[in-house]
Q: 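Pasting in a structure now, in structure tokens, and then I'll have a few things to ask.
Whatever order the structure lists ligands and atoms in, that order sets their numbers, starting from 1. Predicted model, so just to flag it, every value in this text is computed and none were measured.
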Amino acid sequence: MDVSNSELFDSLDADSFYLEGADIADTKAPEVPIDRRWEERRFRARLVNPANRRRLNVIIVGSGLAGASAAATLGEAGYNIACFCYQDSPRRAHSIAAQGGINAAKNYRNDGDSVYRLFYDTVKGGDFRARESNVYRLAELSVQIIDQCVAQGVPFAREYGGLLDNRSFGGVQVSRTFYARGQTGQQLLLGAYQALERQIAAGTVEMHTRHEMLELIVVDGRARGVVIRDMVTGAIETHLADAVVLATGGYSNVFFLSTNAKGCNVTATWRAYRKGAYFANPCFTQIHPTCIPVSGDYQSKLTLMSESLRNDGRIWVPKSGEDKRDPRQIPEEDRDYYLERLYPSFGNLVPRDIASRAAKNVCDEGRGVGPGALGVYLDFADAIARLGRATVEAKYGNLFQMYAQITGEDPYETPMRIYPAVHYTMGGLWVDYDLQASIPGLYVTGEANFSDHGANRLGASALMQGLADGYFVLPNTINDYLADGPFPAVDASHPAVVEAVEVVRTRINKLLSVNGSRTVDSFHRELGRLMWDFCGMERSEEGLRKALTRIRELRKEFWSDVRVLGANEELNQALERAGRVADFLELGELMCIDALVRRESCGGHFRVESQTPDGEALRDDEEFSYVSAWEFGGDNGRPILHKERLVYEYVEMKQRSYK
Ligand SMILES: Cc1cc2nc3c(=O)[nH]c(=O)nc-3n(C[C@H](O)[C@H](O)[C@H](O)COP(=O)(O)OP(=O)(O)OC[C@H]3O[C@@H](n4cnc5c(N)ncnc54)[C@H](O)[C@@H]3O)c2cc1C
């Protein structure tokens, strides 16, 4: 199992990290003009009559925005749903942390927005590494999401005339972001949670909190269930169904420090990968430019300052690295508003990948501010002078409060200090237009799939995607698969089920029996540092090879020296973390291989070997215009790369420019 596979790698030539398999393609998007594809797909998909839905069981792992919306909608439709999450309530899913807003092409501002423009901005923002069909559908559905949420009572901000208010996010020149102060995720999740609770009360959804999925059950090539650990008693349970949906969020915590909730992990999708589901674009991670800088070696969490702040905050550093004055004493002529200088059209609202790299560059030049000179200023003095403190407070009050509590500085008085941090993962399980993974009967929604964001997600588009997937896409595609059900009954004695349970038990026993000398966290911290240094904001051939060598050693050390106290039959957070870190150690390796193979810069993936003379990312469309979909090659084998070639019929591929 996991323990031993590095030996083989050690003996391989450096270029032989992977094997190349056959190309793959999405076969579900109908071949009609893009604005008719979704309608056509819904029409062609087979339906399940309401009376038959009661005989079909669907497992949904995850009850964040993507999972709760899917569970509520499929429950309402009449399917039998079993929903799982590891928190003590669906309301605690990481989605609750989302601050800034959700995009929709409503054009309330009359500023030239449209479905087509949202589609265009998203394809361009993702640096031409997303699938056109999916992105167009996402833009189309965006308008329905807002209507649905308003009907649920989500308290979006309104402007004086009563219409919903909008603000701008990076990478666009229109205002299309709907928001509820700095707590948009919380309000949207409460809406989805209400809908979910209604179905729980109606008996269509059975909710299992504090239950963690540790294995996928595949029978005769179809996803048929999951192995779950009851996190309170340690009981290992099997749950079987006609289809399985993973809505288990992203894997940014492979970096140890990230803006994600501490519990976010890759286990569910990684276990599915090991069972045959392809993992797409694992190296595409998003580094968010506006986070509170790291403050010390013992920190275990980073905090986001929402991108919405870039609407009114101006980003700058002193012109000279020698200038150590209090920022309020530094006059205009000695400041460098570098984003406004370098990218006059978009200014402080360039996309996240560009803003992050620019911050890194000025810090590398020695002009960073704050401890370790790893920070830049985000300054609201002009906005306060222009709009008044009360207006700024009404828009961003809770974010300012959070910043003051964490740093002890008052951002109304002195500029915030910010620095990029890992925030979101564009990579995830590969899915087709129906959101079905490469294992029939396995569907993946929200951040857990490789999604619609290509190599860089635009701000406020994750909430849009999670809710589009859960409220609208999945409920209209999964029926096409379930129309063949119910599938032959499977019970706990089936060899595939017995084997999956055995894998879980063996692994837990192994983790508890190593009894070594290092804590799980120390391994995680070291892995995170490697990922940040070598597979973070900037990647190079040399660095990635270095990381790969060390990650393999680290994995061996983990399985021979980790110390996990306690037992399985109790609440054991060390054991929970150990399993997750073991999976992160495997994922980290695949991320580095993916990054190594992609010898181009695109979006959040910046390869130093591939840049323009003025330091901008240089894509290589000839070679790399594809989604990399990785197939597990066995513990002693190499991962197999399948390419899904990307074709752009509606948006012309060109080098991005935000100048
Ligand atoms: C600080 C912050 C602010 C953000 N702000 C915005 C914003 O303003 N706008 C925007 O569009 N996006 C924002 N994002 C991104 C967005 O919040 C996420 O991408 C999105 O909420 C993910 O939703 P999800 O439903 O896919 O996953 P999650 O909300 O992470 O839910 C995952 C669910 O899966 C469950 N789960 C996971 N693994 C298992 C397992 N093995 N067994 C059982 N259950 C499991 C969890 O319990 C949970 O219920 C922000 C992200 C962060 C970190």
Q: When you measure from the side chain of Ser438 to the backbone N and O of Tyr278, does any donor-acceptor pair fall under 3.5 Å?
A: yes

Q: Side chains of Asn456 and Gln286 only: does a donor on one sit below 3.5 Å from an acceptor on the other?
A: yes

Q: Near Ser63, which atoms of ligand 1 are under 4.0 Å from a heavy atom of that residue?
A: 33 (C), 48 (C), 49 (O)

Q: With no hydrogens and no angle check, is any side-chain donor or acceptor of Thr290 less than 3.5 Å from a backbone partner on Met305?
A: yes

Q: Would you indicate whether Arg117, at its atom CZ, is surrounded by more than 12 heavy atoms from other residues, nucleotides or ligands within a distance under 6.0 Å?
A: no

Q: Do Glu576 and Asn572 have side-chain atoms, one donor and one acceptor, less than 3.5 Å apart?
A: no

Q: Only heavy atoms count here, so choose which of His423, Gln99, Met464 is nearest to atom 2 (C) of ligand 1.
A: His423

Q: At the 4.0 Å heavy-atom cut-off, does Gly250 count as touching ligand 1?
A: no

Q: Identify which of Gly67, Ala247, Ala460 has a heavy atom lying nearest to atom 32 (C) of ligand 1.
A: Ala247

Q: Please say whether Ala66 places an N or O atom under 3.5 Å from an N or O atom belonging to ligand 1.
A: yes

Q: Looking at Gly62, which atoms of ligand 1 are within less than 4.0 Å of one of its heavy atoms?
A: 33 (C), 34 (O), 35 (C), 49 (O)

Q: For ligand 1, is there an atom lying under 4.0 Å from some heavy atom of His208?
A: no

Q: Assess Val61 for proximity to ligand 1: is some non-hydrogen atom of it under 4.0 Å away?
A: yes

Q: Check each atom of ligand 1 against the heavy atoms of Glu212 and keep those under 4.0 Å away; list them by number with element.
A: 41 (N), 42 (N), 43 (C)

Q: Would a 4.5 Å heavy-atom cut-off, applied to side chains only, mark Leu216 and Ile439 as touching?
A: yes

Q: Between Tyr424 and Arg352, is there a side-chain heavy-atom distance shorter than 4.5 Å?
A: no

Q: Less than 4.0 Å is my threshold; does some heavy atom of Ala97 fall inside it relative to ligand 1?
A: yes

Q: Kindly identify the option in Gly249, Ala70, Ala462, Gly446 whose heavy atom sits closest to atom 16 (C) of ligand 1.
A: Ala462

Q: Determine, using heavy atoms of Thr184 and all atoms of ligand 1, whether some pair is separated by less than 4.0 Å.
A: no

Q: Quick one: which ligand 1 atoms are inside 4.0 Å of a heavy atom on Leu304?
A: 1 (C), 2 (C), 3 (C)

Q: Can the positive tip of Lys262 be found less than 6.0 Å from the middle of the six-membered ring of Phe256, inside 45° of the ring normal?
A: yes

Q: Short N/O distance, under 3.5 Å, between Leu463 and ligand 1?
A: yes

Q: Please work out whether the ring planes of Phe632 and Tyr273 are parallel, tilted or perpendicular, with thresholds of 30° and 60°.
A: perpendicular

Q: Less than 4.0 Å is my threshold; does some heavy atom of Ser461 fall inside it relative to ligand 1?
A: yes

Q: Among Arg210, Glu212, Glu206, which one satisfies side-chain hydrogen bond (donor to acceptor under 3.5 Å, both in side chains) with His208?
A: Glu206

Q: Quick test: of every protein heavy atom, which one is nearest to atom 24 (P) of ligand 1, and how far off is it to 0.1 Å?
A: Ser95 OG, 3.8 Å

Q: Given side chains that start at C-beta, do those of Val422 and Ile287 come closer than 4.5 Å, heavy atoms only?
A: yes

Q: Nearest non-hydrogen atom to atom 13 (C) of ligand 1 belongs to which of Ala98, Ser451, Cys85?
A: Ala98

Q: Find all atoms of ligand 1 within a distance of less than 4.0 Å from any non-hydrogen atom belonging to Gly64, and give their numbers and elements.
A: 25 (O), 29 (O), 31 (O), 33 (C), 49 (O)

Q: Distance alone, cut at 3.5 Å: any donor-acceptor contact between the side chains of Arg229 and Asn568?
A: yes

Q: Identify, by atom number and element, the atoms of ligand 1 in contact range of Leu65, meaning under 4.0 Å from any of its heavy atoms.
A: 25 (O)

Q: Look at the aromatic rings of Phe400 and Tyr396 and report parallel, tilted or perpendicular, splitting at 30° and 60°.
A: parallel

Q: Examine ligand 1 and decide if any of its atoms is less than 4.0 Å from a heavy atom belonging to Thr267.
A: no

Q: So is Asn260 polar-close to ligand 1, meaning N/O to N/O under 3.5 Å?
A: no

Q: Only heavy atoms of Gly100, strictly under 4.0 Å: list the atoms of ligand 1 that pass.
A: 7 (C), 8 (O)

Q: Judged on heavy-atom distance to atom 30 (O) of ligand 1, which of Gln286, His94, Arg229, Arg271 sits nearest?
A: His94

Q: Any atoms of ligand 1 less than 4.0 Å from a non-hydrogen atom of Gln87? List them with their elements.
A: 46 (C), 47 (O), 48 (C), 49 (O)

Q: Do any N or O atoms from the side chain of Thr477 and from the backbone of Asp434 form a donor-acceptor pair under 3.5 angstrom?
A: yes

